[in-house]
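Only a predicted model underlies this, so the values are computations on that prediction, with no experimental measurement involved. So you know, we letter chains A, B, ... as the sequences are listed, proteins then strands, and number each from 1.
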There are 2 protein chains.
Amino acid sequence: MIQLTLGIDIGGTNTVFGLLDKEGNLKYNSSLPTNSEKPINELLKKIQLDIQNYVNATSETIEIVGIGVGAPNSNYYSGMLENPPNLKWGSINLKQVIGDMWRLPSAITNDANAAALGEMYYGAAKKMKNFVEITLGTGLGSGIIVDGKLVYGNDGFAGEMGHVTVKRGGRKCGCGRNGCLETYASATGIRNTVFELLANTRNQSPLRNITFSELTAKKIYEAAVKGDFIALEAFRFTAKMLGEAFSNATAYLSPQAFILFGGLSSAGALLVDEVKRSMEENLLAIYKNKVQVILSQLPQGKAAILGAGALIWNELT
Amino acid sequence: MIQLTLGIDIGGTNTVFGLLDKEGNLKYNSSLPTNSEKPINELLKKIQLDIQNYVNATSETIEIVGIGVGAPNSNYYSGMLENPPNLKWGSINLKQVIGDMWRLPSAITNDANAAALGEMYYGAAKKMKNFVEITLGTGLGSGIIVDGKLVYGNDGFAGEMGHVTVKRGGRKCGCGRNGCLETYASATGIRNTVFELLANTRNQSPLRNITFSELTAKKIYEAAVKGDFIALEAFRFTAKMLGEAFSNATAYLSPQAFILFGGLSSAGALLVDEVKRSMEENLLAIYKNKVQVILSQLPQGKAAILGAGALIWNELT
């Protein structure tokens with residue numbers, strides 16, 4: 001008999017899930033449309049059925065020992081999924097719903113926290129006890145590990161580094177405030193930076209032929225790889241803002257590394273080297289040449305399941 | 001027989017020390033000039049002798065079970081006192097020196113970290129597991145408690161919130177960089193603010209008759225209490241900068257409270273209410289009305305010994 005946990009990552013469009021052992025071997029994984037206009041129980045029953053079919057079909061005897069869930073705006077302490085903007089369920093006690101359905105130990109946290117645990121169990125942070133996972137997607141998420149444990153804070157909502165104010169009176173953020181880090185360092189942020197550069201410079205650029213609505217981080221990356229000045233400058237500015245933020249974060253946490261994960265981080269060296277340079281330039285002397293900036297080593301596409309699975313393995317051991 | 005720890009706080013001018021039980025009852029305390037132009041062993045031998053005289057004289061049978069030391073630029077992991085600017089010993093392994101002399105368990109950390117532990121054991125944070133202790137002296141120090149434990153980070157130097165950059169290109173800091181929080185929020189910072197205000201306003205003020213060298217935070221406080229506009233405005237600005245910094249710190253740590261300790265915090269309500277207001281105004285919505293800003297409840301003058309004693313009680317239990 002093998003013991004496995006079920007990791008579920010609930011996204012706005014799709015929900016991915018899978019079974020993994022403690023070493024992070026993914027024995028099975030699948031995905032379903034999230035369909036949040038329908039009750040969450042419908043989604044969870046489909047997952048339960050899908051998993052049961054696999055368990056019945058496989059030759060191995062499987063014991064599922066717990067369920068870990070990564071979902072936006074979700075609170076580890078209360079178990080609540082608190083009205084995430086891209087899901088239509090309002091506020092629900094997801095931990096309880098899952099407990100009622102599976103009768104197994106469960107844990108829930110946001111996707112950046114789950115990614116941080118996944119990184120520590122199965123990725124680039126295997127030997128680290130103090131690091132910060134940075135997820136660069138539409139926004140910027142963070143999961144903070146101190147002394148081998150996730151920092152949840154007093155209310156379960158610690159680690160919102162995307163909403164650290166980096167520029168007073170700066171860019172308008174989706175949170176209603178101004179100058180948050182994620183308005184500069186995220187897929188949304190780099191698009192805004194490109195449009196500022198298009199407005200304020202006279203350089204030729206293929207990006208001048210793309211509308212705001214159609215411009216993606218991927219298109220900016222492709223232009224940068226071809227040497228486009230505007231695109232390269234946008235990456236440089238994004239990296240500068242991230243590096244300055246990492247310098248400040250170090251004064252709180254003195255981590256071994258900042259680990260970049262998610263869409264924008266696929267720009268790889270284009271981002272990492274410049275972030276590191278900007279961070280070093282700004283660090284207090286005692287921290288210089290001590291803090292790494294590296295890319296996630298979680299496998300693309302499976303990272304979310306590994307993170308959610310790690311969350312519950314972390315509870316059980 | 002009663003078990004006590006020895007708490008020692010090494011300052012630039014004086015060293016205070018005392019014996020306390022686990023409940024924080026100070027059984028004995030004393031102080032000596034630090035005299036750092038002489039070898040540290042001379043100071044430690046005097047402390048040893050002083051304590052031995054007390055132990056011999058008292059009717060109680062005392063077992064000293066460990067030694068905790070708070071000292072500037074000192075590292076919990078390495079035990080090193082690393083070349084603090086106001087002490088002349090250079091870099092020494094203080095933990096080893098103390099171990100060699102007393103043959104007892106010992107621990108060392110900086111004064112802000114010791115104050116945080118003291119606050120958690122004996123002060124305003126007795127029931128808190130997530131808070132930040134802020135020491136407002138010549139500079140600004142911080143001790144961060146996450147899940148009931150001090151955050152040391154990867155290298156033992158976490159918690160330097162005084163050196164978070166709050167204004168790019170801002171005031172010159174003693175660390176060689178610009179715009180650090182402590183250049184605005186500290187005894188030094190508020191003096192600088194007063195001189196900026198004297199330069200940029202035309203208000204009458206008794207502070208116009210005090211030289212830069214002679215102006216102290218105490219004099220600014222006394223003027224503020226008498227209703228002086230410049231002094232009040234300087235406190236308001238200091239509080240605004242602190243509140244903004246606490247708002248950002250909350251996005252990392254989501255603490256239950258920020259606890260103000262040290263010289264400048266004796267301004268009390270003059271500071272606390274305005275810091276709280278500025279913090280709330282800047283907080284991300286999910287954190288609003290959750291985070292306290294309060295004053296330390298450690299007794300003036302004995303806080304440093306209690307903190308150093310708590311550090312070693314924390315190790316032993």
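Interface remark: Asn282(A) contributes backbone and side-chain atoms alike to the contact with chain B (heavy atom separation under 4.5 Å). Of the atoms belonging to Ala249(A), heavy atoms from both backbone and side chain fall under 4.5 Å from chain B. For Leu283(A), the part lying under 4.5 angstrom from a heavy atom of chain B is the backbone only. Only the side chain of Val146(A) comes within less than 4.5 Å of a heavy atom of chain B; its backbone N, CA, C and O stay farther away.
The CZ atom of Phe131(B) sits 11.5 Å away from the CG atom of Asn154(A) when rounded to the nearest 0.5 Å. Interatomic distance, OG of Ser142(A) versus OH of Tyr252(B), reported as 8.5 Å (0.5 Å rounding). Rounded to the nearest 0.5 Å, atoms CZ (Arg177(B)) and CD (Glu281(A)) are 11.5 Å apart. One distance of note links CG of Leu284(A) with CD of Glu160(B); it measures 6.5 Å at 0.5 Å rounding.
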* side chain to side chain contact (heavy atoms under 4.5 Å, CB included) between Leu253(A) and Leu253(B), worked out -> CA-CA 10 Å; Leu253(A) 301 165; Leu253(B) 301 165; 4.2 Å; yes
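The greatest number of non-hydrogen atom pairs below 4.5 Å with chain A, out of Lys167(B), His163(B), Glu244(B), is found for Glu244(B). With chain A as partner, the option from Lys149(B), Arg168(B), Lys290(B) having the largest number of non-hydrogen pairs under 4.5 angstrom is Arg168(B).
Between the side chain of Asn248(A) and the backbone N or O of Thr165(B) there is at least one donor-acceptor pair closer than 3.5 Å.
Of all heavy-atom pairs spanning Tyr287(B) and Asp155(A), the tightest one is CD2-OD2, 3.9 Å.
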